[in-house]
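Owing to the predicted nature of the structure, the values given are computational and were not obtained by experimental measurement.
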There are 2 protein chains.
Amino acid sequence: MSLPHMSESTEMYLKALAELGDRDVSIARLAERLGVTPVSANEMIRRLGEQGLVAHMPYKGVTLTEKGREAAANVLRRQRLWEVFLYEHLKIEWAKIYELACSLEHATAPEVTEALAAFLGNPTVCPRGNPIPDANGAFAPLEGRSLREMAAGETVTVRAVNATSTEVLKYLQEKGILPGARVTVIEAAPLDGPLTLLVNGREAALGLSMAEFVIVEKTVNEGR
Amino acid sequence: MSLPHMSESTEMYLKALAELGDRDVSIARLAERLGVTPVSANEMIRRLGEQGLVAHMPYKGVTLTEKGREAAANVLRRQRLWEVFLYEHLKIEWAKIYELACSLEHATAPEVTEALAAFLGNPTVCPRGNPIPDANGAFAPLEGRSLREMAAGETVTVRAVNATSTEVLKYLQEKGILPGARVTVIEAAPLDGPLTLLVNGREAALGLSMAEFVIVEKTVNEGR
DNA sequence: AAAAATGTTATGGTTGACCTTATTATTTCA
DNA sequence: TGAAATAATAAGGTCAACCATAACATTTTT
Ligand SMILES: [Mn+2]
Ligand SMILES: [Mn+2]
Ligand SMILES: [Mn+2]
Ligand SMILES: [Mn+2]
């Protein structure tokens with residue numbers, strides 16, 4: 001077992017596919033998230049297809065194979081374990097841990113991954129609220145809906161933040177939109193305009209493309 | 001300040017030069033340590049020269065510039081801090097930490113380096129006995145001589161192990177040739193033959209190319 | 001002072017992961 | 001049902017870091 005070691009680029013493609021929902025992801029969306037041109041993403045997807053990691057149905061999208069899904073889960077595991085370490089032990093700012101862990105993930109041997117997990121007490125959730133796959137790649141897929149879909153008047157609890165850009169994460173951090181936060185939608189502007197939110201007693205504006213990456217649950221009546 | 005980010009390859013060349021003594025290192029030796037051909041090392045050294053990181057005097061050797069020395073010290077800092085973490089906190093086998101830390105070192109942002117150092121309590125020595133440069137690149141160059149130069153009858157204390165191959169480190173670990181160990185040279189075979197040592201009451205044979213990487217100090221009479 | 005060994009440079013390749021600028025195919029929408 | 005938008009391919013490059021083989025230069029040894 002244990003593949004001959006994947007390149008950083010390969011791992012990032014697989015991880016991005018997993019983060020984007022791992023079925024029928026358009027190459028354009030993938031390219032955008034990875035910051036490459038669609039042509040480049042297309043080439044790379046062809047290579048990944050040849051290695052049996054993804055299946056590409058032209059005009060439909062890219063889907064991880066079982067092999068690809070496992071590899072992607074392993075990257076997510078490393079990423080999120082490092083996030084826990086950076087946040088809990090090194091006390092690094094929440095908004096920065098994604099990017100910093102994203103470098104470390106590719107340099108982490110299986111032995112280090114497992115020792116790190118043990119050191120951290122086998123956490124199952126990262127500081128951004130996302131589940132950490134276990135050593136076999138299994139994890140409970142995140143429940144909840146995107147904040148983007150919420151209507152005015154609804155009050156929700158933030159479960160996870162799926163954004164990856166440090167800039168976006170900084171904005172969310174400043175506004176207090178972190179896992180566990182209670183958020184009320186005051187207004188959803190028309191024409192795909194921004195949401196106006198109430199977070200921790202303060203108002204915050206949030207564009208839909210950012211709201212998309214905030215995963216929430218309807219707040220069940222659990223006392224105030 | 002802070003360079004535009006060096007490639008892993010660049011960092012490894014600089015680190016190897018620092019480990020090999022950082023003045024007048026022959027390209028052949030460098031190539032050997034890095035596992036590339038002399039021609040490849042030559043090309044790379046030309047590139048590093050263009051970037052002002054090394055100076056190459058043909059037929060004399062390669063020497064780090066001040067800029068190169070600083071960059072190399074920073075790589076060593078990251079490498080050795082990770083070694084401490086892997087050994088002390090993740091409880092990874094001594095012989096494996098060099099190689100595992102050697103991957104992590106290139107993926108470690110300055111912010112992580114400094115937070116890690118603080119987390120570890122700003123250690124000044126790694127588990128292999130080598131000094132850890134401070135944030136400015138300063139460190140006490142290792143005192144002591146190579147075990148290779150010792151004559152029969154001498155008793156020495158191991159200060160550091162400069163080997164990098166996991167295989168070699170495993171051998172040394174098995175024989176107990178670790179920092180702090182008391183070693184007596186029983187015999188130095190002629191014709192560059194192996195040393196016979198007494199370590200922890202047991203005999204061990206050690207070829208000169210391995211002994212070269214074991215840095216020792218004459219044991220000062222400090223009790224029996 | 002040759003010869004041998006060692007070190008350097010020249011040439012020409014490869015590979016992965018990018019790029020741009022067409023061109024062509026498909027889907028979606030007016 | 002056509003036109004527009006979107007997606008895919010083709011074609012030709014770049015760049016870093018490797019490789020091998022061969023020619024040439026210097027140093028070391030005999
Ligand atoms: Mn990454
Ligand atoms: Mn390394
Ligand atoms: Mn060339
Ligand atoms: Mn081509």
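B/T37 comes within 4.0 angstrom of the backbone, heavy atoms only, and of no base. Within 4.0 Å (heavy atoms only), B/S40 reaches at least one base atom of the nucleic acid.
With sequence neighbours left out, the salt bridge (charged side-chain N to carboxylate O under 4.0 Å, His left out) criterion links A/D134 to no other residue. With sequence neighbours left out, the salt bridge (charged side-chain N to carboxylate O under 4.0 Å, His left out) criterion links B/K170 to no other residue. Residues satisfying the side chain to side chain contact (heavy atoms under 4.5 Å, CB included) criterion with A/R33, sequence neighbours excluded, are A/A16, A/E19, A/L20, A/T164, A/F213.
When DNA chain D is scanned in the 5' to 3' direction for atoms under 4.0 Å from non-hydrogen atoms of chain A, the outermost contacting nucleotides are D/dA7 to D/dA10.
Set against C/dC18, C/dT8, C/dT20, the side chain of B/N42 has C/dT8 as its closest nucleotide.
Summarising the geometry, the separation between CD on B/E32 and P on C/dG7 is reported as 11 Å, rounded to the nearest angstrom. One interatomic measurement links the two molecules: NE2 of A/H5 to P of C/dG16, which rounds to 15 Å at whole-angstrom precision. Taking atom CE of residue A/M44 and atom P of nucleotide C/dC18, one finds them 6 Å apart after rounding to whole Å. We find that OH of A/Y13 is positioned 14 Å from P of C/dG16, with the value rounded to whole Å. Rounded to whole Å, the distance from CE on B/M57 to P on C/dT9 is 13 Å. In this structure, A/E8 places its CD atom 14 Å from C1' of C/dC18, rounding to the nearest Å.
Between A/I177 and A/V158, the closest side-chain pair of non-hydrogen atoms falls below 4.5 Å. You'll find the side chain of A/P123 reaches within 4.5 Å of the side chain of A/L81, heavy atoms only. Two residues are said to be in side-chain contact when any heavy atoms from C-beta on lie closer than 4.5 Å; A/V125 and A/N130 fail this criterion.
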Enumerate, atom names and distances included, each donor-acceptor pair closer than 3.5 Å involving a side-chain atom of residues 44-59 of chain A, sequence neighbours excluded.
| unit_1 | atom_1 | unit_2 | atom_2 | d |
| --- | --- | --- | --- | --- |
| A/R46 | NH1 | A/E50 | OE2 | 3.2 |

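The side chain of A/R47 places an N or O atom within less than 4.0 Å of a non-bridging phosphate oxygen (OP1 or OP2) of C/dA17. The phosphate of C/dT6 has neither OP1 nor OP2 within less than 4.0 Å of any side-chain N or O from B/S26.
When each of A/E43 and A/G61 is assigned the nucleotide of DNA chain D bearing its nearest heavy atom, the one mapping closer to the 5' terminus is A/G61. For the pair B/K60 and A/P38, both in contact range of DNA chain C, the more 5′-proximal nearest nucleotide belongs to B/K60.
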Indicate for each nucleotide in nucleotides 24-30 of chain C, in 5' to 3' sequence, whether protein heavy atoms under 4.0 Å reach the base (B), only the sugar-phosphate (S), or nothing (-).
-BSS---
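The aromatic rings of A/F119 and A/H89 sit tilted, their planes meeting at an angle between 30° and 60°.
Between B/E105 and B/K15 there is a salt bridge, with a side-chain nitrogen of the basic residue lying less than 4.0 Å from a carboxylate oxygen of the acidic one.
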